[in-house]
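Worth knowing before you read on, the calculation uses all heavy atoms, side chains too, and leaves out hydrogens, waters and symmetry mates. Numbering starts at 1 and runs along the sequence shown.
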Amino acid sequence: MNLGLFINELLVPRLGESALINTPHLIVFIDTKANCVFAMNMASTNKPRKFSLDAIYDELEEGQLVKGVLDIPDYMALSDEFLSEKDIKKRDLKYQVIKPIIDCIGDFLNSNNYGKGLIQQCLLIAKEVGLKANRTQIYDFLYRFLKAGCNLNAFLRKPGTGKTINKIYARKTGPKRDNKTIGRMRTDKDNKNIAAITRKYIFTSHPLSIYQAYQKYLDKYE
């Protein structure tokens, strides 16, 4: 069994068996000398957690944890030739702002104060390049980048999140919910997308949970 760990590998817990984690975590930093590994909870936006490398290996050997591969949305896999100059510029500016942290990621992760000195450097760069950002947004940029496997395209706008007036559902509203918001009616296209996700991720020999499959649906179609 290959128990070696690598950056951007997923640690996936078997249901109810792992004593370390209960949701998939993405490995973002490994320090063999300090016998530790930092992993990002894929279900949250919190700072990566520190784990004992030996404890991770023990659970992998016992089968309480299994290794997975990060699956990024299609738009994050696009090469620059398919992107507009405007999108590339906005993407690269955000990376430029967090680069001081990326260059010292070990120091940042091991810091007990969330690397405030590095955050100050990031805020200064943001001011210099004309990008409006506060401390919270710096963390958001960083964690978005890490959760995408250190992929620059994590900073691209997710397809379907821009303003448009041509959506089919713009005039097809559903009933009011308890919180007074108004949903939309499910279309035939939605049904096809749901069926595709179900076939790919649930009706398989190694199915994802309903929650994980739903996240795949949101990433690909919403």
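The CG atom of Leu142 sits 11.5 Å away from the NZ atom of Lys147 when rounded to the nearest 0.5 Å. Expressed to the nearest 0.5 Å, how far OH of Tyr57 lies from CD of Glu62 amounts to 15.5 Å. Distance check, rounded to the nearest 0.5 Å: NZ of Lys127 to NZ of Lys132 gives 13.0 Å. Interatomic distance, OG of Ser18 versus CG of Leu65, reported as 4.0 Å (0.5 Å rounding). With rounding to the nearest 0.5 angstrom, the CD atom of Glu85 is 14.5 Å from the NZ atom of Lys90. Here Cys122 contributes atom SG and Arg135 contributes atom CZ; the two are 10.0 Å apart, rounded to the nearest 0.5 Å.
Closest approach of Glu9 and Gly4 over heavy atoms only: OE1-O, 3.7 Å. The two residues Glu59 and Ala19 come nearest to each other via the heavy atoms OE2-N, 2.8 Å. For the pair Ile194 and Thr198, the tightest heavy-atom approach, listed with the atom from each and the gap, is O-OG1, 2.8 Å. The heavy-atom pair separating Leu20 from Phe51 by the smallest distance is O-CE2, 3.9 Å. Pairing each heavy atom of Ala133 with each of Ala126, the nearest pair is CB-CB, 4.2 Å.
Leu152 is listed as a side-chain neighbour of Phe145, based on a closest heavy-atom distance under 4.5 Å. Annotation: side chain of Thr136 is not in contact with side chain of Asp140 (no heavy-atom distance under 4.5 Å). Taking 4.5 Å as the limit, every side-chain heavy atom of Lys50 sits out of range of all side-chain heavy atoms of Val37. Between Phe38 and Ile7, the closest side-chain pair of non-hydrogen atoms is not below 4.5 Å. Leu26 is not listed as a side-chain neighbour of Leu11, based on a closest heavy-atom distance of 4.5 Å or more. At a threshold of 4.5 Å between non-hydrogen side-chain atoms, the residues Tyr139 and Ile119 count as touching. Taking 4.5 Å as the limit, every side-chain heavy atom of His25 sits out of range of all side-chain heavy atoms of Leu10. The side-chain heavy atoms of Asn8 and Ile27, taken from C-beta on, include no pair separated by under 4.5 Å.
Hydrophobic clustering places Met76 together with Phe82 (ILVMFWY residues linked when any side-chain heavy atoms are closer than 4.5 Å, directly or through intermediates). In terms of hydrophobic clustering, with Ile, Leu, Val, Met, Phe, Trp and Tyr side chains grouped at heavy-atom distances under 4.5 Å, Leu93 and Leu124 are assigned to different clusters.
Judged as a side chain to side chain donor-acceptor pair (under 3.5 Å), the pairs with a partner in residues 30-41 (not counting sequence neighbours) are, in order, Thr23-Asn41, Asn35-Asp54.
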Can Tyr75 and Lys158 be said to form a side chain to side chain contact (heavy atoms under 4.5 Å, CB included), step by step? CA-CA 7 Å; Tyr75 75 93; Lys158 188 175 179 180; 3.8 Å; yes

Residue pair Ile56, Leu60: steps toward the side chain to side chain contact (heavy atoms under 4.5 Å, CB included) verdict: CA-CA 6 Å; Ile56 294 292; Leu60 284 170; 3.9 Å; yes

Quick one, Val66 with Arg14, criterion side chain to side chain contact (heavy atoms under 4.5 Å, CB included). Give me CA distance, side-chain angles, the key distance, then yes/no. CA-CA 7 Å; Val66 295; Arg14 292 191 182 278; 3.4 Å; yes

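Both the sub-6.0 Å distance and the 45° axial angle are satisfied by Lys47 relative to the ring of Phe108.
Residues forming a side chain to side chain contact (heavy atoms under 4.5 Å, CB included) with Leu83 (at least two apart in sequence, or on another chain): Leu78, Asp80, Ile88, Arg91, Asn153, Leu156.
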Exercise answer: donor-acceptor pairs, residues 94-101 side-chain atoms, under 3.5 Å, sequence neighbours excluded:
| residue | atom | partner | partner atom | Å |
| --- | --- | --- | --- | --- |
| Lys99 | NZ | Asp103 | OD1 | 3.3 |
| Lys99 | NZ | Asp103 | OD2 | 2.9 |

